Visitor: 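Take this structure first; my questions come after.
Bear in mind the structure is a predicted one, so any value in this text is a computation, not a measurement. Chain letters run A, B, ... following the sequence lines, proteins first, then strands; residues in each count from 1.
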Amino acid sequence: MTAMTDDTLPATPRVIRDEMIAFAIMTGLLLIVPLTGLYPFFVMQGLCFALLACAFNLLIGYGGLLSFGHAMFLGTGGYVTAHAVKVWGVPPELGILIGMAASAGLGIITGAVAIRRQGIYFAMITLALSQLLYFIYLQAPFTHGEDGIQGIPQGRLLGIFDLSKPTVLYYVIVAGFLFGFLVIFRAINSPFGEVLKSIRENEQRAISLGYKTDQYKLLAFILSGTLAGFAGSLKVFVVQNASLSDVEVGMSGLIVLMTLVGGLGTVFGPVIGAFIIVATQQYLAGFGSWVTVIQGSIFVACVLTFRRGIVGEIAHLFRRSL
Amino acid sequence: MQALYAQLLVGLINGSFYALLSLGLAVIFGMLNIINFAHGALYMMGAFCAYFLLNLTGLGYWWALLIAPIVVGIFGMVLERTMLQWLSGLDHLYGLLLTFGIALIVQGVFQNYFGSSGLPYAIPDELKGGMNLGFMFLPIYRAWVVIFSLVVCFSTWYLIERTRLGAYLRAATENPTLVRAFGINVPRMITLTYGLGVGLAALAGVLSAPINQVRPLMGENIIIVVFAVVVIGGMGSIMGSIITGFALGVIEGLTKYFYPEASNTVVFVLMVLVLLVKPTGLTGRAA
């Protein structure tokens, strides 16, 4: 059985340099967006999903764990932040922290259950857990069921930045995304990340070398869930609502699709993939349920012909790590 | 008490569907090493097949019971030959992703033409009405679904565990290379196995058409519940799938009576409990 990613290049100085250059280009592009006349709402939405996909990729790409329920973190971060900001009236930064704390708590509970099985069962368990949470949110009074939480005030971040101004909001979202991205980048290139990769390659051997693999997997799951929740919290300030569609199975599938299109186990793939999928949703919205058919076709095409994803294929072509 | 018996019956019926679907999943997983995410979509196709047969050709329920599994089974075998086949040797997870994509396509196409509302499908004349058992009123069609599903489940069990064909199948699950060396066409067996598993899903779809109506998204939620059933029961044993399917249906029915708020979630909660106590599932062996 071959692993899902073939990230065989060791972390040499050249690899790190390539990734640094790519990071600098990405940051530069994000900073000049407001000058280009590109629709900032689209970019902000793309960034939230990009962070979400990067968090998901930390598990599948580096730990070999396919979570088919990552929407539960997006939804939890979103709902809790929305509720805290709107009902309790807390400032945005505290709202985000509360949302992240809730996602981390969810990560501890669901992770402890899910890591008890590997491979295909892990995927089914996370899917079932997210469905469980979907029904809980459907019935819980604070989420307002089918209506969702609407009209969330954006407020002032740290009492200084007025988030109702589009440009300010844009740079805050960029800062949040870059923060999350760097945390993941740091985690991948740390000793922790190396152990995670060894678990992906051969868990039995990692155990025999004395690593408590369950603890590493749980920690990766919690980190991934917390950052996915962070993406959900940020998204609340962009779209100003939190609804059930963020907790649905379809959303979990989209997260998988974004990462698959961009490239599993690549550093920048999930970002590219997220923007592509958000763009297809935006521009194909007029096609109604054909969008589902198109997304399904992308899934099938990716798995059959294009398993490395866009960034993965480019990196493979040039023997670089991106 | 009337309501309790009624919910028990509903539970048994849902249990029949869980058993038929998880049985198909287990058989497919055994041979193809793929978790068939498209199972719910194919279950829906079975129900639509019955609907088309009735409305386009005038062939009724009994014909649908026979034809729908064959048509959907052939569709499944085409899928296996054109797509799933290419995934052998790759990580199991690719099979899950591919079949998820197939499910999106199938459900999207049907949703586009039929919307999200249900299409009615009448109970056949022979099975209309009900019996008064004294303690409850038993609709004949519902009793038929439970009995027929049990018969199909045990026939499948017999086919796999007690016949020569089943022996080949079990052997090919354990060691396909060796079985091929004995001159048995394993790729063809794999295709037929997928057809069989998918046919069982379509059969469940036909059975559910008169009860639950025919809807493009009817398979979307049930497949997740069936995944939980499979995690609870483990996929190692055919009998395990059947018993777990029926048992969880009944537990769900009882929950609807005693604590309706939890009826959607009880299967998932049970899954969590089983994972905490016995991670390999009730009948599973260690991986």
Visitor: With chain A as the partner chain, list the residues of residues 98-112 of chain B whose heavy atoms fall under 4.5 Å from it, by residue number, and write 'none' if nothing qualifies.
Guide: Leu98(B), Phe100(B), Gly101(B), Ile102(B), Leu104(B), Ile105(B), Gly108(B), Val109(B), Gln111(B), Asn112(B)
Visitor: Hey, could you give me each pair passing ring pair (Phe, Tyr, Trp, His ring centres under 6.0 Å) that has a residue in residues 215-266 of chain B? Not counting sequence neighbours.
Guide: Phe37(B)-Phe227(B)
Visitor: Using 0.5 Å steps for rounding, measure from the CG atom of Leu93(B) to the CD1 atom of Ile120(A).
Guide: 5.0 Å
Visitor: Side chain, backbone, both or neither: which part of Phe122(A) has an atom under 4.5 Å from a heavy atom of chain B?
Guide: neither
Visitor: Quick one: which residues of residues 245-253 of chain A reach chain B at under 4.5 angstrom, heavy atoms only?
Guide: Val249(A), Gly253(A)
Visitor: Between CG of Leu97(B) and CG of Leu66(A), what distance do you get to the nearest 0.5 Å?
Guide: 5.5 Å
Visitor: Would you check, one step at a time, whether the test side-chain contact (heavy atoms from CB on, under 4.5 Å) holds for Tyr121(A) with Val231(B)?
Guide: CA-CA 7 Å; Tyr121(A) 283 98; Val231(B) 171; 4.1 Å; yes
Visitor: How long is the straight-line distance from CD1 of Ile35(B) back to CG of Leu127(A), given to the nearest 0.5 Å?
Guide: 11.0 Å
Visitor: Relative to chain A, which segment of Leu87(B) carries a heavy atom at a distance below 4.5 Å: side chain, backbone, both, or neither?
Guide: side chain
Visitor: Apply side-chain hydrogen bond (donor to acceptor under 3.5 Å, both in side chains) to residues Asn221(B) and Gln131(A) and explain how you reach the verdict.
Guide: CA-CA 9 Å; Asn221(B) 283 334; Gln131(A) 189 76 348; 3.1 Å; yes
Visitor: Answer yes or no: is there a side-chain heavy-atom contact under 4.5 Å between Gln139(A) and Asn264(B)?
Guide: yes
Visitor: Which residues in residues 293-304 of chain A have a heavy atom less than 4.5 Å from any heavy atom of chain B?
Guide: Val293(A), Gln295(A), Gly296(A), Ser297(A), Phe299(A), Val300(A), Val303(A), Leu304(A)
Visitor: Give, as side chain, backbone, both or neither, the part of Met271(B) having an atom under 4.5 angstrom from any heavy atom of chain A.
Guide: side chain
Visitor: Between CG of Leu275(B) and CZ of Arg117(A), what distance do you get to the nearest 0.5 Å?
Guide: 7.0 Å
Visitor: Among the options Ile125(A), Ile136(A), Val256(A), pick out the one with the most heavy-atom pairs lying under 4.5 Å from chain B.
Guide: Ile125(A)
Visitor: Examine distances only and state if a side-chain atom of Arg116(A) and a backbone atom of Pro279(B) form a donor-acceptor pair shorter than 3.5 Å.
Guide: no
